[in-house]
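Since the structure comes first, as structure tokens, the remarks are kept for the end.
When reading the values below, keep in mind they use all heavy atoms of this one structure, side chains included, and skip hydrogens, waters and symmetry mates. All chains are named by letter (A, B, ...) in the order of the sequence lines, taking the proteins before the strands, and each is independently numbered beginning at 1.
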There are 2 protein chains.
Amino acid sequence: MTTLNEVARHAGVTPATVSNVLRNRGKVGAATRERVLASVAALGYRPNLTARALAEGRAPTLALMVSSIANPFYPEFALEAERAARKRGRFLLVCNTDNDSNVGSAYLDQIAGTLSQGVLVMNADLHFDDLIKAQGHGASVVLCMWEKPDQPPGVSCIAVDFRQAGRLATQHLLDLGHRRIGAIVGCQPGGVQAMRYVGLVDALEQVDPTLTAKLEHETRYVEDNVEGGYAATMSLLDASPDLTAIFVSNDFPALGVLHAAADRGLRVPDDLSVIGITDIHWARLARPALTTVAVPTAQAAEMAVELVLDLIHNPRKEPTTWIADEPWLVERKSTGPALKT
Amino acid sequence: MTTLNEVARHAGVTPATVSNVLRNRGKVGAATRERVLASVAALGYRPNLTARALAEGRAPTLALMVSSIANPFYPEFALEAERAARKRGRFLLVCNTDNDSNVGSAYLDQIAGTLSQGVLVMNADLHFDDLIKAQGHGASVVLCMWEKPDQPPGVSCIAVDFRQAGRLATQHLLDLGHRRIGAIVGCQPGGVQAMRYVGLVDALEQVDPTLTAKLEHETRYVEDNVEGGYAATMSLLDASPDLTAIFVSNDFPALGVLHAAADRGLRVPDDLSVIGITDIHWARLARPALTTVAVPTAQAAEMAVELVLDLIHNPRKEPTTWIADEPWLVERKSTGPALKT
DNA sequence: CTGAAAGCGCTAACAC
DNA sequence: GTGTTAGCGCTTTCAG
């Protein structure tokens, strides 16, 4: 492995000069610059990023913590984050907590502030104390896709208005004439996806407050996956066969709803309309293609990277919140007019 | 950020002793050990991994290069690789080349041997010269999921017998009585998935060599995605409406086949059997659930991590190839007996 | 414009 | 057992 020193010797200059040439710092004569560059090429020199990081006091990597790649949203987000990081000359360390907060803590404890200065946190398997502690250790951390603007997390975050997403989804159903609407929420009551449900209630209330009362019995809280959506649909339709539409707080379980409907011989959207939230890639690949409320994933990823870099440069006492663009409706084939009455 | 030195001062010992305590190296008296540990806790000290990496001459990270996360196989592999790496105390740097070999080269050039000693390569957007060069720079590189055992890549690799996968898939179709079989291959002729096609030919030849001749006209080479599979199916069925089964070299385009069949009003598997290869998570979520030949993804990821660490410890001149377990048939709902004759 | 020198935080021989 | 002494490869003042 050729080092800076060797290049310097080869070019007949000092390491400092080579460094200056390579980073366009300080003034270097055109002649020496050429000579140095030639040596670099001749020796096939590549800077040692670890050494550079140590000397500069900052690592060129950002860490992204996700709970489980099984949720197809995470890879999509990770991809965008990686792109954003790369564009800014950083590498992305992907840390999978496997839904285990101990793994998350361990990860944070090891890398935050040493191997990577900035940490992007996707999920909240992590206790906030850990995040705060990581900040104490000199790492900048930002929570990506925070869903509860009214309940600031105590760390910097990118907020996405999922309540509005819930409203939009519901409004679409309402516009199509649906009044018998069931709900499937991919988390525990009050969990991460709770705001989406609040949005549902918002929209319902505005049209007819009695709808909200009924809704309570027609809501299921499930695991945020296909199986969860499937089981919830079965339970929902067993209890209330007259439902004409199902609001699902996330696309992933919505796919399960589609399966359940098919297994019950229900045609979507004629017999049952289904709408999700997020617009993951797979939404368009479902049959029928899933109507959903899209959320600015790429933008949020980019903002998260930008915010964490900003925090690294300008550390501040108070947590900062950046708001991403509003969600928007993506009409596909899984919703249609309410035919039953 | 507390440093080793500060801990040492706090505990009234030298940095070396603290280091020894922390890494259980060298002999340290029980009393001093306690004292040091107490100081570590009191000061909230965490070792700086960058500094450690520089001193040790090796980084605690492995890099994984993938071409695009759009292909759902990559995240699945990445997840397993991350787990394997974590189990061995390494962090995983995920590098997305976005199907651009320049990005791949740049990545390799920057991190190989400096930020991470080992590189796992998933795809072959990368020119092999780049890989070889990276090795010259002191990085260990292993190609994951190499499909052409008879054409060794010149770098170490984990080989998976995709030819056998192709055979198994075909044999299954043959066993069900299919003789009018079309083929969709998710790459250029001779491309990365070519061996799967060779396996198809193998199996066909063994039953009836005339099948192979026909096959030529009933093969489509497409982009390795849903759209590719969709378009190919349309083209295939337009040209040969009497096909009773379609062999697809990969699950991802196989999902497109399912869509195309549905759009043509074909029932799967009654009117058309469809089989894929890989067994990505989504295969089971398709409607009907996709029959496929599973490949040992998790094992390959683990082997890749193990091999790269092994190469780091025992550098060798000759490339090493490790063979993963054989593929196996996973029968689900997209294949059935040939009904047409 | 270029060189000398100190130091980032840690590890690893080797003395004591 | 514990301390001393060099670095790891690079950046960065600060002289010259």
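Rounding to whole angstrom units, CG of residue N48(A) and C1' of dC8(C) are separated by 13 Å. Atoms CG (L22(B)) and P (dC10(C)) sit 9 Å apart, rounded to a whole Å. Taking atom CG of L54(A) as the reference point, atom C1' of dG7(C) lies 9 Å away to the nearest angstrom. Residue E6(B) contributes atom CD, which lies 13 Å from atom C1' of dC10(C) at whole-angstrom precision. As rounded to whole Å, 14 Å separates atom C1' of dT11(C) from atom CG of L49(B). Taking atom CZ of residue R9(A) and atom P of nucleotide dA4(C), one finds them 13 Å apart after rounding to whole Å. Rounding to whole angstrom units, CG of residue L115(A) and C1' of dC10(C) are separated by 14 Å.
Between N5(A) and A16(B), the one whose closest nucleotide on DNA chain D sits nearer the 5' end is A16(B). Nearest-nucleotide positions on DNA chain C place G29(A) closer to the 5' end than the other of P15(A) and G29(A).
Contact check for V121(A) versus L126(A): side-chain heavy atoms found under the 4.5 Å cut-off.
Taking a heavy-atom distance under 4.0 Å as the criterion, the stretch of DNA chain D touched by chain A extends 5' to 3' from dG9(D) to dT12(D).
The phosphate of dG3(C) (OP1 or OP2) has a side-chain N or O of T17(A) nearer than 4.0 angstrom. In this model, the phosphate group of dA12(C) is approached by a side-chain N or O of R23(B) to a distance below 4.0 Å at OP1 or OP2. Distances shown here put a side-chain N or O of T32(A) below 4.0 Å from the OP1 or OP2 atom of dT2(C).
T50(A) comes within 4.0 angstrom of no nucleic acid atom, judged by non-hydrogen atoms across all strands. T14(B) comes within contact range of at least one nucleobase, with a heavy-atom separation under 4.0 Å. At the heavy-atom level, G57(A) lies nowhere under 4.0 Å from the strands shown.
Counting non-hydrogen atoms of neighbouring residues, nucleotides and ligands closer than 6.0 angstrom, the NZ atom of K148(B) exceeds 12 such neighbours.
Checked by atom type, the side-chain pair R316(B)/T320(B) shows a donor-acceptor distance below 3.5 Å.
Using a 4.0 Å cut-off between a side-chain N of Lys or Arg and a carboxylate O of Asp or Glu, R83(A) and E80(A) qualify as a salt bridge. Taking 4.0 Å as the cut-off between side-chain N and carboxylate O, E302(A) and R88(A) count as a salt-bridged pair. Salt bridge status for R23(A) with E56(A): present, with a side-chain N to carboxylate O gap under 4.0 Å.
Residue R33(A) is tested with N24(A), N20(A), T17(A) for a side-chain hydrogen bond (donor to acceptor under 3.5 Å, both in side chains); the sole match is N24(A).
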